[in-house]
Amino acid sequence: IKMAQYNIRHTCGHEETVQIYGTNVHGERQRKAEWLESKPCRDCERKAMREENLTGAAELTSSDKQVSWANDLRAKAIGDIKAKLAKLDTQYIAAPQEWKDAQRNAGEATIAAMLAETNAKAIIDHRDNLVSHYGAVAQQAAK
């Protein structure tokens with residue numbers, strides 16, 4: 001397998017050297033390099049996702065390292081929920097509207113429960129099942 005290093009200047013202005021693997025018979029590596037240049041760097045992309053998904057989030061308490069990790073976990077889980085909710089109408093065309101509405105409401109309640117969390121350790125402790133844990137928290141709060 002052939003490989004080459006490319007200097008990539010991302011849309012955010014950051015530069016990095018990237019190892020791109022594979023052949024370049026049909027310009028595959030160059031296309032990948034151009035695609036990488038058409039996007040912000042991973043850190044800026046992660047920061048934007050975090051800001052978008054954590055708007056209105058309660059401030060977490062714990063060490064700075066735990067807060068950062070918990071916020072990353074929370075932002076990713078919220079992003080996953082939002083992606084699934086966005087696909088409800090296209091992926092489940094034949095499903096009854098009441099079911100879709102219930103799924104949407106459950107997803108939004110789960111997001112609200114995650115955003116309301118103030119303990120970073122709680123998020124970290126449930127990192128393997130964040131969505132189901134906060135779904136249960138939201139159901140309990142609704143009772």
Side-chain angles (χ1 to χ4, degrees), residues 1-139 141:
I1 295 178
K2 295 183 179 191
M3 59 187 159
Q5 290 188 338
Y6 288 80
N7 292 322
I8 305 295
R9 182 187 258 320
H10 294 281
T11 57
C12 58
H14 292 119
E15 289 187 39
E16 68 178 333
T17 301
V18 178
Q19 191 78 36
I20 300 177
Y21 297 89
T23 64
N24 200 32
V25 176
H26 302 288
E28 298 93 337
R29 290 193 306 238
Q30 187 59 40
R31 275 197 304 279
K32 178 145 187 189
E34 290 168 0
W35 175 74
L36 288 169
E37 288 177 341
S38 73
K39 303 170 39 138
C41 70
R42 278 187 229 118
D43 290 340
C44 289
E45 204 169 55
R46 188 177 297 121
K47 182 179 177 188
M49 179 192 74
R50 181 189 241 194
E51 288 172 1
E52 177 186 329
N53 290 336
L54 296 182
T55 301
E59 192 159 330
L60 296 173
T61 57
S62 197
S63 70
D64 289 345
K65 189 174 181 179
Q66 284 181 318
V67 167
S68 180
W69 185 18
N71 273 326
D72 284 344
L73 292 168
R74 182 163 62 169
K76 183 183 180 329
I78 290 171
D80 291 347
I81 293 170
K82 287 180 176 180
K84 286 179 182 174
L85 293 178
K87 293 179 183 176
L88 272 179
D89 291 325
T90 57
Q91 207 168 22
Y92 300 98
I93 296 169
Q97 189 60 44
E98 299 81 28
W99 179 83
K100 292 179 195 177
D101 291 343
Q103 294 297 310
R104 198 168 279 111
N105 290 339
E108 289 169 2
T110 302
I111 289 171
M114 276 191 221
L115 292 174
E117 181 61 68
T118 59
N119 185 348
K121 186 178 181 318
I123 293 171
I124 293 167
D125 287 348
H126 293 98
R127 65 186 174 272
D128 294 329
N129 63 347
L130 267 182
V131 174
S132 59
H133 172 73
Y134 284 99
V137 168
Q139 281 183 334

Legend entry - Tyr6 and its side chain to side chain contact (heavy atoms under 4.5 Å, CB included) partner, picked from Lys32, Gln30, Glu37: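 Going through Lys32, Gln30, Glu37 one by one, the side chain to side chain contact (heavy atoms under 4.5 Å, CB included) with Tyr6 is satisfied by Gln30 alone.
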Inset, instruction - For the residue pair Thr61 and Glu59, establish whether any side-chain heavy-atom pair is separated by less than 4.5 Å. - result: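 No. Closest side-chain heavy atoms not under 4.5 Å.
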Legend entry - Minimum side-chain heavy-atom gap Trp69-Arg127 below 4.5 Å: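 Touching, per the 4.5 Å side-chain cut-off.
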What distance separates [X] [atom1] from [Y] [atom2], expressed to the nearest 0.5 Å?
| X | Y | atom1 | atom2 | value |
| --- | --- | --- | --- | --- |
| Lys87 | Lys82 | NZ | NZ | 15.5 Å |
| Cys12 | Arg42 | SG | CZ | 11.5 Å |
| Ile93 | Leu88 | CD1 | CG | 12.0 Å |
| Arg46 | Cys41 | CZ | SG | 9.0 Å |
| Asn7 | Glu15 | CG | CD | 7.0 Å |
| Asp128 | His133 | CG | NE2 | 12.5 Å |

Might you point out which heavy atoms bring [X] and [Y] nearest each other, and give the distance in Å?
| X | Y | value |
| --- | --- | --- |
| Glu117 | Ala58 | O-CB, 3.6 Å |
| Leu115 | Asn53 | CD2-O, 3.6 Å |
| Ala4 | Arg29 | CB-NE, 3.8 Å |
| Ala70 | Ile124 | CB-CG1, 4.1 Å |
| Gln103 | Leu85 | O-CD2, 3.7 Å |
| Arg74 | Ala57 | NH2-CB, 3.7 Å |

Inset, instruction - Given side-chain contact (heavy atoms from CB on, under 4.5 Å), test Asp80 with Lys76 step by step and report yes or no. - result: CA-CA 6 Å; Asp80 291 347; Lys76 183 183 180 329; 3.1 Å; yes
Inset, instruction - Please report the C-alpha distance between His14 and Cys44 in whole Å, then the side-chain angles of each, then the deciding distance to 0.1 Å, and finally whether the side-chain contact (heavy atoms from CB on, under 4.5 Å) criterion is met. - result: CA-CA 9 Å; His14 292 119; Cys44 289; 3.2 Å; yes
Inset, instruction - Count the heavy atoms belonging to other residues, nucleotides or ligands that lie under 6.0 Å from CZ of Arg9, then report whether that count exceeds 12. - result: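 Counting other residues, nucleotides and ligands, CZ of Arg9 stays at 12 neighbours or fewer.
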Legend entry - Arg104 atom CZ, neighbour heavy-atom count above 12 within 6.0 Å: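 Correct, the count exceeds 12.
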Legend entry - side-chain contact (heavy atoms from CB on, under 4.5 Å) involving Val67 - partner list, sequence neighbours excluded: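 Scan of Val67 (side-chain contact (heavy atoms from CB on, under 4.5 Å), adjacent residues dropped) gives Leu60, Ser62, Asn71, Ala120.
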Inset, instruction - Check the pair Glu16, Leu36 against side-chain contact (heavy atoms from CB on, under 4.5 Å), reporting the backbone distance first and the verdict last. - result: CA-CA 10 Å; Glu16 68 178 333; Leu36 288 169; 5.9 Å; no
Inset, instruction - Apply side-chain contact (heavy atoms from CB on, under 4.5 Å) to the pair Glu52 and Ile78, showing each step before the final yes or no. - result: CA-CA 10 Å; Glu52 177 186 329; Ile78 290 171; over 6 Å; no
Legend entry - Flag, side chain of Ser68 to backbone of Lys65, donor-acceptor distance under 3.5 Å: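 It does not hold such a pair.
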Legend entry - salt bridge (charged side-chain N to carboxylate O under 4.0 Å, His left out) partners for Glu34, two or more places apart: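 In terms of salt bridge (charged side-chain N to carboxylate O under 4.0 Å, His left out), with neighbours along the sequence ignored, Glu34 is linked to no residue.
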Inset, instruction - Please work out which of the three classes, parallel, tilted or perpendicular, describes the rings of His126 and Tyr134, given edges at 30° and 60°. - result: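 Ring orientation of Tyr134 relative to His126: perpendicular.
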